[in-house]
Amino acid sequence: MNTYGWAARDSSGILSPFHFERRANDDNDITIKILFCGICHSDLHFAKNEAGMTSYPFVPGHEIVGEVTKVGHNVTKFKIGDKAGVGCMVGSCGSCENCKQDLEVYCPEMIWTLKTFGGYSENIVIDEHFAVLIPNSLPLHGAAPLLCAGITVYSPMMYYGLCKPGQHLGVVGLGGLGHVAVKFAKALGMKVTVISTSPSKKNEAVERLGVDSFLVSHDQEQLQAAMGTMDGIIDTVSGPHSILPLINLLKTNGKLVAVGVPTEAPEIPYIPLIMGRKLIGGSAAGGMKETQEMVDFAAKHNIIADIEVIPMDYVNTAMERLAKGDVKYRFVIDVANTLNSSF
Ligand code: NAP
Ligand code: ZN
């Protein structure tokens, strides 16, 4: 099938219109007409080949929502007209230990959406297993970021047991991932502290997102006063940073979970971990079953991302602004109305 989107051609990361082929819709596949696609910081890391893993031309986009326009013979989850979402992965082996436990994202043969042509495009053809049903009550533009930002913070909160009412959760970096983590944690009845490099985000974080406290990460006094108070921390930071101050914020037995992929890996300070029986873990997105559970949880609690909707031809400016942290808190491309085939 002939289709089109916007692609980066080299590590400048600059995107421009691009025509390409999608596979035909097979028996287990659905075709989704893409309506909205979020811009995750991973799209930017990949467009600029910051991890050295990008193949060009690269069509970003893994926070995809749209309408099902075709269903294969074996498809049971979707019918034409349903709203569907696609996130970080489009395939896995289906038979390994991870796949059998609904942890497809940890399958050695898992296929990242970023390694295929992603969602800054007209449509996508995907095995129905790797799509989730978007409940009708969720506005689609605000739901798009749930497909990556949402599951990437929800999954570790559940797995590491950082989801209980009354627990104190630190969220480092109030960006796309971070602000959704705040919303989930508040819906779960947790106490939430944001640890941020941006003092300018404080008022809104407290007044609109309802965070209980806001620490500026370069203010030693504030950090000192909060030492030993947190049950867990979700670190969403995309740039170089030190994790020692974060470990110090944890209570005994506290857990620091890395989900951000900083451009330089932080040093791991063993002694403070040992002296507080603390743990550092990581987490990648989440399995498909859990992604559906997360979307349903979001629908139940009316949680969507705070977004700035943009036209397709604004994407390069949006990427520049994202690199500077100048977005509250997620860009979402209005694909259906602004992606133009006449180029
Ligand atoms: P984002 O919207 O750009 O948010 C990142 C936030 O981190 C920024 O808003 C900023 O918050 C803070 N920050 C950025 N650079 C910093 C630096 N040098 N030092 C300290 N703080 C800094 O990005 P995102 O889309 O949420 O993604 C965050 C990271 O998660 C990216 O690295 C992305 O690739 C990664 N990611 C991982 C997974 C996974 O599966 N584990 C999935 C999706 C994304 P403040 O202004 O509040 O400091
Ligand atoms: Zn992402």
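These numbers were taken from a predicted model, which means no experiment stands behind them. Each ligand, and each atom within it, is numbered from 1 in the order the structure gives.
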J.: Ignoring hydrogens, what is the shortest heavy-atom contact between Arg23 and Val125? Give both atom names and the distance.
T.: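 Nearest heavy atoms, Arg23 then Val125: O-CG2, 3.4 Å.
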J.: So which of Val105, Thr197, Val259 gets nearest to atom 41 (N) of ligand 1, if we judge by its closest heavy atom?
T.: Val259
J.: If I take every N, O or S atom of His62, is at least one of them less than 2.8 Å from the Zn ion (ligand 2)?
T.: yes
J.: I need the atoms of ligand 1 closer than 4.0 Å to a non-hydrogen atom of Leu322, numbered in the order shown.
T.: 2 (O), 3 (O)
J.: Considering only protein heavy atoms, which is closest to atom 44 (C) of ligand 1, and at what distance to one decimal place?
T.: Ser42 OG, 3.3 Å
J.: Suppose we measure from atom 39 (C) of ligand 1 to each protein heavy atom; which comes out shortest, and what is that distance?
T.: Thr152 CG2, 3.4 Å
J.: Starting from atom 14 (C) of ligand 1, what is the nearest protein heavy atom, named by residue and atom, and what distance separates them?
T.: Ser238 OG, 3.4 Å
J.: May I have the angle between Cys40 SG and Cys148 SG with its vertex at the Zn ion (ligand 2), rounded to 10°?
T.: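 It comes to 130°.
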J.: For atom 27 (O) of ligand 1, find the nearest protein heavy atom and state the residue, atom name and distance (0.1 Å precision).
T.: His41 CB, 3.5 Å
J.: Pick from His179, Glu204, Lys201: which one makes a side-chain hydrogen bond (donor to acceptor under 3.5 Å, both in side chains) with Tyr329?
T.: Glu204
J.: Can Asp82 and Lys77 be counted as an ion pair, charged N to O under 4.0 angstrom?
T.: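 Result for this pair is no, no salt bridge flagged.
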J.: Quick one: which ligand 1 atoms are inside 4.0 Å of a heavy atom on Ser198?
T.: 45 (P), 46 (O)
J.: Hey, is Ala149 one of the residues with a heavy atom under 4.0 angstrom from ligand 1?
T.: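 Ala149 does not count as a contact of ligand 1 under the 4.0 Å cut-off.
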J.: Which pair of heavy atoms, one from Ala149 and one from Gly176, lies closest together, and at what distance?
T.: CB-O, 3.9 Å
J.: Under a 4.0 Å threshold between the charged nitrogen and the carboxylate oxygen, would Lys328 count as salt-bridged to Glu308?
T.: no
J.: Ignoring hydrogens and geometry beyond distance, is a side-chain donor-acceptor pair present between Thr54 and Asn49 at under 3.5 Å?
T.: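 Distance-only check passes for Thr54 and Asn49.
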J.: Should you measure from each heavy atom of Ser196, which atoms of ligand 1 turn up under 4.0 Å away?
T.: 45 (P), 46 (O), 47 (O), 48 (O)
J.: How close does the nearest protein non-hydrogen atom get to atom 16 (C) of ligand 1, and which residue and atom is it?
T.: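 Among all protein heavy atoms, the one nearest atom 16 (C) of ligand 1 is Val237 CG1, 3.6 Å.
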J.: Parallel, tilted or perpendicular: which fits the ring planes of Phe20 and Phe18, with parallel below 30° and perpendicular above 60°?
T.: parallel
J.: In ligand 1, which numbered atoms sit nearer than 4.0 Å to a non-hydrogen atom of Leu174?
T.: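 Near Leu174, the atoms of ligand 1 are 9 (O), 11 (O), 45 (P), 47 (O).
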J.: Would you say Ile307 and Leu35 are hydrophobically clustered, going by side-chain heavy atoms of ILVMFWY under 4.5 Å?
T.: yes
J.: Heavy-atom distance to atom 6 (C) of ligand 1: which of Gly173, Gly87, Ala285 wins?
T.: Gly173
J.: Any idea which protein heavy atom is nearest atom 10 (C) of ligand 1, and the distance to it?
T.: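 Here the closest protein heavy atom is Lys201 NZ, 4.2 Å.
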J.: Looking at Lys289 and Glu104, is any side-chain nitrogen of the basic one under 4.0 Å from a carboxylate oxygen of the acidic one?
T.: no
J.: Minimum heavy-atom separation for Glu128 to Asn74, with atom names?
T.: OE2-O, 3.7 Å
J.: As an exercise, identify every atom of ligand 1 less than 4.0 angstrom from a heavy atom of Ser283.
T.: 39 (C), 41 (N)
J.: If you count the atoms of ligand 1 from 1 in the order shown, which ones are under 4.0 Å from a heavy atom of Gly176?
T.: 1 (P), 2 (O), 4 (O), 26 (O)
J.: If you have a sec, work out which protein heavy atom is nearest atom 43 (C) of ligand 1 and how many Å separate them, to one decimal?
T.: Cys148 SG, 3.2 Å
J.: To the nearest 0.1 Å, how far is atom 29 (C) of ligand 1 from its closest protein heavy atom, and which atom is that?
T.: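 So the nearest neighbour among protein heavy atoms is Thr236 O, 3.3 Å.
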J.: Would you check the N or O atoms of His45, main chain and side chain alike, for any that come under 3.5 Å of an N or O of ligand 1?
T.: yes
J.: Determine, using heavy atoms of Cys40 and all atoms of ligand 1, whether some pair is separated by less than 4.0 Å.
T.: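 Heavy atoms of Cys40 do come under 4.0 Å of ligand 1.
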J.: For a salt bridge (charged side-chain N to carboxylate O under 4.0 Å, His left out) check, start with the C-alpha distance between Lys33 and Glu122, then their side-chain angles and the critical distance, and finish with the verdict.
T.: CA-CA 6 Å; Lys33 174 183 163 50; Glu122 186 194 13; over 6 Å; no
J.: Give the atoms of ligand 1, by number and element, whose distance to some non-hydrogen atom of Pro240 is under 4.0 Å.
T.: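 Those qualifying, in numeric order: 17 (C), 18 (N), 19 (N).
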J.: In plain terms, say whether Lys255 and Asp231 are close enough for a salt bridge, that is, a side-chain N and a carboxylate O under 4.0 Å apart.
T.: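 Answer for the salt bridge query: no.
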J.: Does a side-chain N-to-carboxylate-O contact under 4.0 Å join Asp29 and Lys70?
T.: no
J.: Look at the aromatic rings of Phe297 and Phe184 and report parallel, tilted or perpendicular, splitting at 30° and 60°.
T.: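 Plane angle over 60°, so perpendicular.
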J.: For Ser217, which part has a heavy atom under 4.0 Å from ligand 1: side chain, backbone, both, or neither?
T.: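 Neither part.
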